[in-house]
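This report refers to the structure that appears directly beneath it.
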Amino acid sequence: MENIIDQRLKELSIELDKASVPAGSYVPYVVTNNLVFISGQLPFINGELTIKGKVGENVSIEDAIKMSEACAKALLSQLKAACNGNLDKVKRVVKLGGFVASSPNFTDQPKVINGASDLIVNIFGDIGKHARFAVGVAALPLNVPVEIDGVFEIEE
């Protein structure tokens with residue numbers, strides 16, 4: 001029998017890539033008690049970083065929102081791995097942290113991270129509503145415009 005969240009992903013035509021491996025000396029996620037802490041995820045789409053640069057400089061807000069959605073999908077891939085393939089184990093999306101590589105005068109970081117937040121809520125419904133931050137930074141790894149991390153509560 002198919003899981004409820006997997007059905008929802010199909011309804012929304014969302015396919016998750018395989019969880020990526022870390023590019024440094026860290027793990028992709030840590031499960032402690034009933035919380036999953038997921039390391040910052042970059043906006044890989046089919047294994048590639050399709051858009052690079054700073055929002056408000058050479059990346060449009062629309063493209064940055066798409067990159068935010070890609071980060072959310074990467075978070076979900078890691079979360080699925082942490083839940084042994086069963087996203088129905090998720091009890092609550094606790095918090096997302098959004099970093100946006102921004103030009104000095106760009107101030108719409110929350111609008112960019114809404115791409116991830118909206119996707120998460122569309123998938124999980126009320127349990128997907130979460131606390132969040134969205135901040136502008138001078139630069140991000142590999143010159144990506146967005147990076148997002150997350151905390152999720154799962155069944156023990």
Quiz item: E153 and salt bridge (Lys or Arg N to Asp or Glu O under 4.0 Å): which partner among K91, R92, K95?
Solution: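 Among the candidates, only K91 passes.
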
Answer yes or no: is there an ion pair linking [X] with [Y], defined by an N-O contact shorter than 4.0 Å?
X: R8; Y: E11; value: yes
X: D6; Y: K80; value: yes
X: E155; Y: K89; value: no

So does [Y] get a backbone contact from the side chain of [X], meaning a donor-acceptor N/O pair under 3.5 Å?
X: S39; Y: V27; answer: yes
X: S102; Y: V55; answer: no
X: S77; Y: L16; answer: no
X: T32; Y: L35; answer: no

Quiz item: Looking only at heavy atoms, which two atoms of R132 and P110 are closest? And how far apart?
Solution: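 Heavy atoms only, the tightest pair is NH2-O, 3.2 Å.
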
Exercise. Step through it carefully: locate the ring centre of F152, locate the ring centre of F37, and say whether they are under 6.0 Å apart.
Key: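 Not close enough - the centres of the two rings lie 6.0 Å or further apart.
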
Practice problem: Group every Ile, Leu, Val, Met, Phe, Trp and Tyr by side-chain heavy-atom contacts under 4.5 Å, then state whether I38 and L87 land in the same group. | Solution: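 Both belong to a single hydrophobic cluster.
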
Quiz item: Roughly how far, to the nearest 0.5 Å, is CG of D63 from OG of S68?
Solution: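 Nearest 0.5 Å value for the OG-CG distance: 12.5 Å.
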
Quiz item: Above 12 or not: heavy atoms from other molecules or residues under 6.0 Å from NZ of K66?
Solution: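 Count not over threshold, so no.
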
